[in-house]
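Below is one structure; the comments refer to it alone.
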Amino acid sequence: MALIRRTQSTPTQASRGSEFEWDPFQNMRELMSWDPLRAIAPRLFRGMGETMGMAGGFLPGFDVRETKDTYVVSADVPGFKEQDLSVQVSGQRMTISGERRAEKVEDTDTWYLSERSYGNFSRSFTLPDDADMDNVQADLREGVLNLRIPRSGENKPRQVPLRSAGGGSTSPKA
């Protein structure tokens with residue numbers, strides 16, 4: 001029968017070496033600052049643009065709202081110039097696209113952090129029938145693209161009277 005001797009060590013000592021002491025507060029600090037989505041996001045979205053018909057991983061935030069007489073579409077596009085954006089209208093579909101180009105990188109540059117995203121984006125919206133697509137107004141101000149689409153008012157809901165097969169009205173009698 002063979003004797004097996006084991007030395008006791010904590011998991012952190014085994015992985016870091018015997019000169020380090022286990023610090024539970026350091027472990028809590030590491031856990032509190034860990035963001036799992038940030039850690040996996042570059043791997044999730046890398047190459048996804050090519051498979052979805054987009055060449056990059058940049059997608060601005062959009063707001064779409066309806067007022068009494070217009071539809072308003074707003075997009076956060078900081079750093080974009082007018083020539084970087086395109087708004088196309090076809091029927092009741094409006095497509096907003098653009099490209100954010102990365103800065104030129106020199107071989108001698110040393111990067112410590114890179115969190116900004118670059119690439120192409122394209123977003124399409126189908127607007128209701130009462131949207132007047134011939135009079136869309138667009139402006140780019142302080143990094144926000146605002147599109148105003150007037151409502152024509154032609155397609156307001158209306159009540160359709162019903163008649164029975166016998167020719168009489170089906171409206172309730174008083």
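Remember, predicted model here, so these are calculated numbers, not experimental data. Atoms considered below: every heavy atom in the structure, side chains included; atoms not considered: hydrogens, waters and symmetry mates.
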- prompt: Can you check side chain to side chain contact (heavy atoms under 4.5 Å, CB included) on L147 and I96, steps first, answer last?
  reply: CA-CA 10 Å; L147 301 161; I96 304 163; 3.3 Å; yes
message: Please check: side-chain N/O of S90 versus main-chain N/O of R93, any donor-acceptor pairing under 3.5 Å?
response: no
- prompt: Take atom CD in Q83; do more than 12 heavy atoms of anything else shown fall under 6.0 Å from it?
  reply: yes
field: Side chains of W111 and D109 in contact at under 4.5 Å (non-hydrogen atoms)
entry: yes
field: R123 side, atom CZ; L59 side, atom CG - distance, nearest 0.5 Å
entry: 6.0 Å
query: Between CG of L85 and CZ of R100, what distance do you get to the nearest 0.5 Å?
result: 10.5 Å
Rounded distance (nearest 0.5 Å) linking atom CG of N146 with atom CG of D63: 9.5 Å
- request: Mark yes or no for whether E99, through its side chain, and D84, through its backbone, hold a donor-acceptor pair below 3.5 Å.
  value: no
- prompt: Around atom CZ of R148, are there more than 12 heavy atoms of other residues, nucleotides or ligands at under 6.0 Å?
  reply: no
field: Interatomic distance, I149 atom CD1 to N135 atom CG [nearest 0.5 angstrom]
entry: 11.0 Å
message: Testing the basics here: between Q92 and M133, what is the closest heavy-atom pair and its distance to 0.1 Å?
response: OE1-CG, 3.6 Å
task: Look at the side chain of S152 and the backbone N and O of D130, then say whether any donor-acceptor pair between them is shorter than 3.5 Å.
output: yes
task: Show your working on side chain to side chain contact (heavy atoms under 4.5 Å, CB included) between Y71 and R151 and close with a plain yes or no.
output: CA-CA 7 Å; Y71 295 101; R151 296 176 67 177; 3.3 Å; yes
For T70 against P150, the heavy-atom pair lying closest together: CG2-CA, 4.0 Å
message: Are F125 and F62 an aromatic pair, judged by ring center distance below 6.0 Å?
response: yes
message: Would N120 and S97 count as a side chain to side chain contact (heavy atoms under 4.5 Å, CB included) here? Give the steps.
response: CA-CA 7 Å; N120 298 331; S97 57; over 6 Å; no
